[in-house]
Number of protein chains: 2
Amino acid sequence: MQNFEKLLSKFKLLLKENGLNFTTQRELVLKTLFNYLGHFTPEDLHMLIKKNNPDSNVGVTTIYRTLNLLESNHIVTSISFGIQGKKYELGNKPHHDHLICNQCGKIVEFEDPTIEELQEKIAKMHDFKLTEHIMQLYGVCKDCQDK
Amino acid sequence: MQNFEKLLSKFKLLLKENGLNFTTQRELVLKTLFNYLGHFTPEDLHMLIKKNNPDSNVGVTTIYRTLNLLESNHIVTSISFGIQGKKYELGNKPHHDHLICNQCGKIVEFEDPTIEELQEKIAKMHDFKLTEHIMQLYGVCKDCQDK
DNA sequence: CTGTGTGCAAACATTTTGCAAGCAG
DNA sequence: CTGCTTGCAAAATGTTTGCACACAG
């Protein structure tokens, strides 16, 4: 999912299938997530949208509702980042986990197939059928260590 | 840290060192955490304490304040369990992670040194100095699969 | 037109804070 | 006594809901 048009079509299709309408607000949320690839709280998104679209008038409520809608359709993913709160990211990347800097809040993504395998093994040992997992490494990034 | 007396002494010492007082409420919180080893939200604890000590009168506020105090002294640890919210557990066990059942909410603890090593390796690759990490595997436990 | 979507305000749930009164040392 | 602690009520957050109006199809 490299370009916005594709993503938008997918979203429109999903809406249609569920008898929902395509609206400016919903498009704005999706577009903002796409343009500022990253991790946002609903409030972050709200402010970003307002800043970039001063003429539009999108309420926080709509952000929450749209994010829930997008999440249940697996277009975005939500993750809880401790003190930073619950954040959303566009779910168009392969599965990955996060490294978080305690000082500046920077979030770095990484993948590690070996860990994924180990997780499966552990789940099996305890007779769990795994559905998802969260792995977050907290620490201090290079930049902050140098300060 | 296998018995309550030891834990209590440690706590009292800590209080003294910081010029804080030892009070019934603080003891109750610690005792409850010790007696019901598990994972509790502040509200869980509040209710447990009230139920087991009908004569005492401990406010939610105190629970929060005491948990923060215990956490900053590394006597308890807090973990965010997604929809289940933030929970606290006594920090007297070696480091471990959690398997959580999406259906019944059961929480199973496990350890895996290999994963710990891999996490260190990943942190190093990204020039992070690791301070802590969170790993939670969500799935369906044996009991719930059988239903 | 009809039904879905929206913003607003109010309701909620959870956690924090200000304060006067209550205990520990 | 002195000052740390407490419970209460109020405030602060973050999120959800009810409702009348607005808009998409």
Side-chain angles (χ1 to χ4, degrees), chain A residues 8-9 11-32 39-50 53-73 75-76 78-88 105, chain B residues 8-9 11-32 39-50 53-73 76 78-88:
Chain A
L8 195 59
S9 311
F11 185 39
K12 282 185 178 172
L13 188 65
L14 255 160
L15 290 171
K16 192 164 287 177
E17 281 173 352
N18 291 289
L20 302 174
N21 294 335
F22 178 70
T23 65
T24 318
Q25 289 88 337
R26 284 175 178 162
E27 182 178 5
L28 273 177
V29 172
L30 194 63
K31 190 159 67 183
T32 307
H39 304 81
F40 306 104
T41 62
E43 198 49 47
D44 290 341
L45 264 177
H46 186 216
M47 292 194 295
L48 252 179
I49 292 176
K50 279 186 119 158
N53 309 273
D55 40 328
S56 78
N57 180 21
V58 182
V60 214
T61 317
T62 300
I63 309 279
Y64 277 96
R65 285 190 278 224
T66 305
L67 285 173
N68 282 335
L69 177 64
L70 290 168
E71 186 174 21
S72 34
N73 286 296
I75 293 184
V76 305
S78 73
I79 316 153
S80 171
F81 286 107
I83 201 172
Q84 293 188 47
K86 192 176 179 182
K87 298 198 174 188
Y88 291 83
Chain B
L8 196 58
S9 313
F11 184 40
K12 282 185 179 173
L13 190 63
L14 255 160
L15 290 172
K16 192 164 290 176
E17 282 173 352
N18 291 288
L20 302 176
N21 295 336
F22 178 69
T23 64
T24 319
Q25 289 88 334
R26 284 174 176 163
E27 182 178 7
L28 273 178
V29 172
L30 193 64
K31 188 159 70 182
T32 307
H39 304 81
F40 306 104
T41 62
E43 196 50 46
D44 289 343
L45 263 177
H46 186 217
M47 291 195 294
L48 252 178
I49 291 175
K50 277 186 120 157
N53 309 273
D55 40 326
S56 77
N57 181 21
V58 182
V60 214
T61 316
T62 301
I63 309 279
Y64 278 96
R65 285 191 279 225
T66 305
L67 286 174
N68 282 335
L69 177 65
L70 290 168
E71 187 173 21
S72 34
N73 286 296
V76 303
S78 73
I79 316 153
S80 172
F81 285 107
I83 200 170
Q84 293 188 49
K86 193 176 179 182
K87 298 198 173 187
Y88 290 82

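Every heavy atom of this structure was used, including side-chain atoms; hydrogens, water molecules and symmetry mates were not. Note on naming: letters A, B, ... go to the chains in the order of the sequence lines (proteins, then strands), and numbering restarts at 1 for each one.
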Partner residues of B:N53 under the side-chain contact (heavy atoms from CB on, under 4.5 Å) criterion, sequence neighbours left out: B:L28, B:I49, B:D55, B:S56
With A:K50 via side-chain contact (heavy atoms from CB on, under 4.5 Å) - residues at least two apart: A:H46
Residues 13-21 of chain A side chain polar contacts: donor-acceptor under 3.5 Å, at least two apart:
unit_1	atom_1	unit_2	atom_2	d
A:N18	ND2	A:L14	O	2.7

[X] [atom1] - [N] [atom2] separation (whole Å):
X     : N      : atom1 : atom2 : answer
B:K87 : C:dT14 : NZ    : C1'   : 15 Å
A:L20 : D:dC23 : CG    : P     : 19 Å
A:D44 : D:dT13 : CG    : P     : 15 Å
B:H46 : D:dT6  : NE2   : P     : 13 Å
A:N57 : D:dA22 : CG    : P     : 13 Å
B:M47 : C:dA13 : CE    : C1'   : 13 Å
B:F22 : D:dG3  : CZ    : C1'   : 19 Å
B:L67 : D:dT5  : CG    : P     : 15 Å

Those residues of residues 23-32 of chain B lying under 4.0 Å from DNA chain C by at least one heavy atom: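 None, since no heavy atom is under 4.0 Å.
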Do the non-hydrogen side-chain atoms of [X] and [Y] ever get within less than 4.5 Å of each other?
X     : Y     : result
A:L30 : A:I75 : yes
B:Q25 : B:T66 : no
A:V29 : A:Y88 : no
B:E27 : B:L8  : yes

Sugar-phosphate, base or nothing in reach of B:G19, heavy atoms under 4.0 Å: sugar-phosphate
Minimum heavy-atom distance between A:P42 and A:I63, given as atom pair plus value: O-CG2, 3.7 Å
If you restrict it to nitrogen or oxygen atoms, what contacts under 3.5 Å exist between nucleotides 20-23 of chain C and the protein, and what is each distance?
none

Side chain to side chain donor-acceptor pair (under 3.5 Å) against B:S78, all qualifying residues, sequence neighbours excluded: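 Applying side chain to side chain donor-acceptor pair (under 3.5 Å) to B:S78 gives B:E71.
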Partner residues of B:T41 under the side chain to side chain donor-acceptor pair (under 3.5 Å) criterion, sequence neighbours left out: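 Listed in chain order: B:D44.
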Only pairs under 3.5 Å count here: list side-chain donor-acceptor contacts from residues 79-86 of chain B, not counting sequence neighbours, and write none if there are none.
unit_1	atom_1	unit_2	atom_2	d
B:Q84	OE1	B:K87	NZ	2.8

Tabulate atom names and distances for all N/O pairs under 3.5 angstrom spanning the protein and nucleotides 14-17 of chain D.
unit_1	atom_1	unit_2	atom_2	d
D:dT15	OP2	A:Y64	OH	2.5
D:dT15	O5'	A:Y64	OH	3.3

